[in-house]
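Reading through the structure tokens given below for one structure.
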Amino acid sequence: MNLKGFKFPERKHASVSDISELQGLVPSQASTAGREAVLTSNALLSSGSIIAPAVVVATSFQSALALCIVFSIVTFITVLICSFVPRKLVYTVRIIVYTFVASLVYVPVAILMENIMPAQFSALGIYAPLLITNSFITMKTESKFYRLKRGFMAELCGFYILGYDLALLFFGFMRELLTNGGLFGVQFLPLSIPSVGTVYGGFILLALTAATFRWLLSFTTRKRQSDSQE
């Protein structure tokens with residue numbers, strides 16, 4: 001880039017220390033970045049990303065598991081493949097390419113799911129193919145992942161996906177437990193709340209879960225800080 005006779009070098013990659021969300025981390029501190037991705041920046045419980053599929057179709061542990069499998073495979077493979085897309089392309093064109101690649105990746109994943117979890121995959125409905133446009137592919141790639149070197153990018157992307165999956169599985173587990181008073185068709189609680197299985201009930205449960213999760217993180221952080229000062 002030239003400006004009044006001065007030439008500035010183009011930056012192909014930004015280090016992790018350039019990303020404020022990671023608080024100065026460097027690639028050798030992948031474990032710390034992993035804790036950030038799974039805990040403080042958890043896509044479902046902290047930032048509230050990809051909520052609709054969780055609330056609408058993750059009404060049981062098995063449906064949440066099916067959603068996790070589709071989301072994880074499609075997102076991770078798409079992010080890796082699209083990291084080779086030239087940055088010189090117009091942003092709008094890049095997003096179209098990302099979505100197109102994700103749709104190609106989705107096809108074999110759908111065939112796989114129809115063979116291993118046909119009932120659960122069918123229950124996902126339109127929300128399964130809609131995962132090709134999830135925010136990890138269309139937004140976080142540009143704002144975070146593709147600013148890093150490819151090796152660390154893949155590792156960090158995996159951590160973010162893992163964080164979302166763990167939160168979604170826990171949410172599906174709690175939702176099935178509260179809705180049916182048990183798990184996997186076996187009722188062992190004396191009380192059940194069928195309304196938790198509705199979209200409205202799902203939003204309320206997710207809000208309560210996210211609020212509790214954030215409070216625990218805040219409490220743990222304050223306690224750690226107070227201990228370090230003593």
Side-chain angles (χ1 to χ4, degrees), residues 16-17 19-80 82-83 98 102 105 109 124 127-128 130-176 202-203 205-221 224:
V16 182
S17 59
I19 301 177
S20 60
E21 291 184 21
L22 296 180
Q23 302 176 348
L25 299 177
V26 294
S28 61
Q29 295 173 297
S31 60
T32 305
R35 288 194 294 271
E36 290 271 344
V38 174
L39 297 176
T40 57
S41 298
N42 187 280
L44 183 63
L45 299 180
S46 294
S47 61
S49 302
I50 324 177
I51 289 179
V55 172
V56 177
V57 299
T59 56
S60 67
F61 180 83
Q62 289 187 328
S63 61
L65 177 61
L67 189 63
C68 284
I69 295 174
V70 178
F71 167 77
S72 300
I73 298 177
V74 171
T75 301
F76 189 73
I77 294 178
T78 300
V79 170
L80 287 185
C82 292
S83 66
Y98 300 162
V105 175
V109 174
L124 298 182
Y127 288 93
L130 281 179
L131 289 174
I132 66 174
T133 59
N134 75 74
S135 61
F136 275 54
I137 296 173
T138 59
M139 295 178 61
K140 203 166 284 293
T141 49
E142 293 288 326
S143 65
K144 182 184 295 293
F145 298 145
Y146 293 163
R147 297 176 62 191
L148 307 174
K149 292 184 177 180
R150 189 169 288 111
F152 185 65
M153 174 213 71
E155 190 171 1
L156 189 63
C157 178
F159 280 128
Y160 269 89
I161 292 172
L162 177 63
Y164 180 83
D165 289 347
L166 292 176
L168 184 60
L169 289 173
F170 177 76
F171 179 68
F173 170 84
M174 291 300 300
R175 201 170 182 186
E176 181 178 1
F203 271 114
L205 179 62
L206 181 59
L208 293 175
T209 304
T212 304
F213 178 78
R214 294 178 186 179
W215 180 84
L216 288 174
L217 286 179
S218 178
F219 175 79
T220 304
T221 302
R224 188 183 300 114

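Not measured: the values here are computed from a predicted model. For the numbers below, each heavy atom of this structure counts, side chains included, while hydrogens, waters and symmetry mates do not.
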(message) Within the 4.5 Å heavy-atom criterion, are Leu44 and Leu206 side-chain neighbours or not?
(response) yes

(request) For Ala167 and Asn42, work out which heavy atoms get closest and say how close. (result) CB-OD1, 3.6 Å

(request) Quick one: pull up CG in Leu168 and CD1 in Ile51 and give me the separation to the nearest 0.5 Å. (result) 11.5 Å

(request) Please round to the nearest 0.5 Å and tell me the distance separating atom CZ of Phe145 and atom CG of Leu80. (result) 10.5 Å

(request) Determine, step by step, whether Phe71 and Ile161 satisfy the side-chain contact (heavy atoms from CB on, under 4.5 Å) criterion, reporting the C-alpha distance in whole Å, the side-chain angles of both residues, the deciding distance to 0.1 Å, and the verdict. (result) CA-CA 8 Å; Phe71 167 77; Ile161 292 172; 3.9 Å; yes

(request) Provide the full list of side chain to side chain donor-acceptor pair (under 3.5 Å) pairs with a residue in residues 161-176, sequence neighbours left out, each pair given once. (result) Ser72-Asp165

(request) For Phe213, enumerate each residue passing the ring pair (Phe, Tyr, Trp, His ring centres under 6.0 Å) test, keeping only those at least two apart in sequence or located in another chain. (result) none

(request) Drop me the distance from Leu208's CG to Phe203's CZ, to the nearest 0.5 angstrom. (result) 13.5 Å

(message) Quick check: closest heavy atoms across Val74 and Val105, and the distance to 0.1 Å?
(response) CA-CG1, 3.9 Å

(request) For Thr78 and Thr75, indicate whether the former's side chain and the latter's backbone hold a donor-acceptor pair under 3.5 Å. (result) no

(message) Does the plane of the ring in Phe136 sit parallel, tilted or perpendicular to the ring in Tyr160? Use 30° and 60° as the thresholds.
(response) perpendicular

(message) Please check: side-chain N/O of Ser218 versus main-chain N/O of Arg214, any donor-acceptor pairing under 3.5 Å?
(response) no

(request) Rounded to the nearest 0.5 Å, what's the gap from CG on Leu166 to CG on Leu45? Could you check? (result) 10.0 Å

(message) Keeping Tyr146 on the side-chain end and Val79 on the backbone end, is there a donor-acceptor pair under 3.5 Å?
(response) yes

(request) Work out which heavy atom in Phe76 is nearest to a heavy atom in Cys157; give both atom names and the distance. (result) CD1-SG, 4.1 Å

(request) Compare all side-chain heavy atoms of Thr138 with those of Tyr98 and state whether any distance is below 4.5 angstrom. (result) no

(message) For a 4.5 angstrom cut-off between non-hydrogen side-chain atoms, does Met139 reach Asn134?
(response) no

Under 3.5 Å, sequence neighbours excluded: what are the donor-acceptor pairs made by side chains of residues 55-62?
residue, atom, partner, partner atom, Å
Ser60, OG, Ser63, N, 3.3
Ser60, OG, Ser63, OG, 3.1
Gln62, OE1, Gln120, NE2, 3.1

(request) For Leu124 and Val70, work out which heavy atoms get closest and say how close. (result) CD1-CG2, 4.4 Å

(message) Could you report the tightest heavy-atom contact between Ala52 and Tyr127, atom names first, then the distance?
(response) CB-CE2, 4.1 Å

(message) Counting C-beta onward and ignoring hydrogens, is there a side-chain heavy-atom pair between Cys82 and Thr141 closer than 4.5 Å?
(response) no

